[in-house]
2 protein chains.
Amino acid sequence: MLRLAILSLLANSDYSGYDLSKAFDASLTYVWAASQSQIYPELHKLEAKGLIEGVDVPQDGRPDKRLYRITDAGRDTLVEWADELPGTYAIRDRFQLTTINIGRLPPARARELVTGQRALLQQRHEVLAGIAELLESAGHRPGEPWNDQLGWRLTVEAGLRTSAAYVGWCDWALEQLDTSAAHRSRKHLPPIRP
Amino acid sequence: MLRLAILSLLANSDYSGYDLSKAFDASLTYVWAASQSQIYPELHKLEAKGLIEGVDVPQDGRPDKRLYRITDAGRDTLVEWADELPGTYAIRDRFQLTTINIGRLPPARARELVTGQRALLQQRHEVLAGIAELLESAGHRPGEPWNDQLGWRLTVEAGLRTSAAYVGWCDWALEQLDTSAAHRSRKHLPPIRP
DNA sequence: TTCGGCATGTAAGTGGTTACATGATTTC
DNA sequence: GAAATCATGTAACCACTTACATGCCGAA
């Protein structure tokens, strides 16, 4: 699916491999993570298929680069790939595997882990909020007439809502952990009565 | 991370490879998807490491099976693996790659895709709600004293909240698509004035 | 002079998917 | 008689990660 992600970016503007990698880290990571070392080989494959074309751009003061542009065939293929309704929705959330076993850890450590995850998600939410503002100031606001770019705003909103929900869950989970831990300590350390 | 997922299940009860695969499809899929063909080799690896041990159980009327049980070393390793705070949170949401490009599709098709995704997430939410009820009737309710299994309820709640948020997003997205599509048709088909 | 940024890559390894193979039993 | 369920697996392939290699520039 990396190809779909790359074409989605190249459909808006030209990129070098390096710039693509930056663009992934800056925004697309929140939907589809990709590492540098994946991107270069994928660009070669896309060019071999004629979906993008690269031009060598000499630069002075810094290394030359190869700028890629999407072709007409590339745009057609992008639409084809996007136009598939997936029959399943598979997630893999590493942190939830920890959560399942969180009761095997000491309460203090359990708290630490959830707090850490909360920070990650909170930060993600802030970055996405920034992107949403940028998009809005660039004219991508709800209610726009139908156009090619309209999907970006929707995707950012999905990220905002799911990360907000996740942060909310973290807070709820912390409360749960605290009450459960309290029950245990009450059992083990009953209050002293003079 | 599949090992973590498998050990998490085996920590609660014994399973054959086949049963594990079923258990994944029935519940863990919503956190960590795994296919049959992955599970068998992984079980061999875990047994070779001494984290689980298998016993051949002869059966009549159906093929013999090999039941796996977690070892003490396995429980220790499970806790070690669970006790890692991840520094990043990488998602890969295929549908959002479609969403980015949804403005390139005809409005009717765009609607169809979001509606399809909504159905998937709605179903996921219902299955998770069923699991939550099961857990609660089995005594896994919020406020329980600290225990090994307490994480399951938390994980199910995370699934409930994120899928609910996703369904909410789908509804919002459908509204957005409708208003954008309406703007377009108003442009192309201005109202007739006698 | 050392580090970070720009720019492009390779190699080795891990993780995961899809499809297939086998074979008995039960259900439609 | 065909299909689904139980049960275990293999093989080929694709996707992704981590680590490394190269080389030049500018800033601290």
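Reminder, nothing fancy here: chain letters follow the sequence lines and each chain counts from 1.
Between Arg66(A) and Glu53(A), no side-chain nitrogen of the basic residue sits less than 4.0 Å from a carboxylate oxygen of the acidic one, so the salt-bridge criterion is not met. Salt bridge annotation for Arg111(B)-Asp178(B): present, with a cationic side-chain nitrogen under 4.0 angstrom from a carboxylate oxygen. Glu84(B) and Arg94(A) are joined by a salt bridge, as a carboxylate oxygen and a charged side-chain nitrogen come within less than 4.0 angstrom of each other.
Atom CZ of Arg3(B) is separated from atom C1' of dG15(C) by 10 Å (rounded to the nearest Å). With rounding to whole Å, Leu2(A) atom CG is found 9 Å from dA15(D) atom P. Remark: C1' of dT8(C) and CG of Leu20(A) are 13 Å apart, rounded to the nearest angstrom. Remark: P of dT17(D) and CG of Asp25(A) are 11 Å apart, rounded to the nearest angstrom. Here dG15(C) presents its P atom at 12 Å from CZ of Arg94(A), a figure rounded to the nearest Å. For the pair Asp60(A) CG and dA7(C) C1', the computed distance is 15 Å after rounding to whole Å. Atom CD in Glu42(B) sits roughly 8 Å away from atom P in dG16(C) (whole-Å rounding). Here the P atom of nucleotide dA7(D) and the NZ atom of Lys65(B) are 5 Å apart, to the nearest Å.
Within the 4.0 Å cut-off from OP1 or OP2 of dC6(C), at least one side-chain nitrogen or oxygen of Lys22(A) is found. Checking the phosphate oxygens (OP1, OP2) of dG9(D), a side-chain nitrogen or oxygen of His44(B) falls inside 4.0 Å. A sub-4.0 Å separation between OP1 or OP2 of dA15(D) and a side-chain N or O of Trp32(A) is absent. In terms of phosphate contacts, Tyr18(B) brings no side-chain nitrogen or oxygen within less than 4.0 Å of OP1 or OP2 of dT8(D).
Within the 4.0 angstrom heavy-atom criterion, no nucleotide atom of any strand lies near Lys45(B).
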Shorter than 3.5 Å, N or O on both sides, protein versus nucleotides 22-28 of chain D: list them out with atom names.
none

Using the 3.5 Å cut-off, write out each protein N or O paired with an N or O of nucleotides 17-21 of chain C and the distance between them.
residue	atom	partner	partner atom	Å
dT17(C)	OP1	Arg92(A)	NH2	3.1
dT17(C)	OP2	Gln38(B)	OE1	3.0
dT18(C)	O4	Ser37(B)	OG	2.7

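The aromatic rings of Tyr89(B) and Tyr166(A) stand perpendicular to each other, their planes meeting at an angle above 60°, with 30° marking the opposite boundary.
Side-chain atoms of Val79(B) and Asn101(A), non-hydrogen and from C-beta on, never get closer than 4.5 Å to each other. The shortest side-chain heavy-atom distance between Trp152(A) and His140(A) does not fall under the 4.5 Å cut-off. Side-chain atoms of Gln96(A) and Trp32(B), non-hydrogen and from C-beta on, never get closer than 4.5 Å to each other.
Along DNA chain C, the nucleotide nearest to Met1(B) and the one nearest to Asp19(A) differ in position, and the one closer to the 5' end is contacted by Asp19(A).
For Asp56(B), the CG atom is densely surrounded, since the number of other residues' heavy atoms within 6.0 Å is greater than 12. More than 12 heavy atoms of other residues, nucleotides or ligands sit less than 6.0 Å from atom CD of Glu126(B). Within a 6.0 Å sphere centred on CZ of Arg109(A), other residues, nucleotides and ligands contribute more than 12 heavy atoms. Within a 6.0 Å sphere centred on CD of Glu136(A), other residues, nucleotides and ligands contribute more than 12 heavy atoms.
For the helix from dT1(C)-dA28(D) to dC28(C)-dG1(D), the rotation axes defined at the first and last 5 base pairs enclose an angle of 30°, given to the nearest 10°.
Leu28(A) and Val127(A) fall within the same hydrophobic cluster, where Ile, Leu, Val, Met, Phe, Trp and Tyr residues are linked whenever their side-chain heavy atoms come under 4.5 Å apart, directly or through other members.
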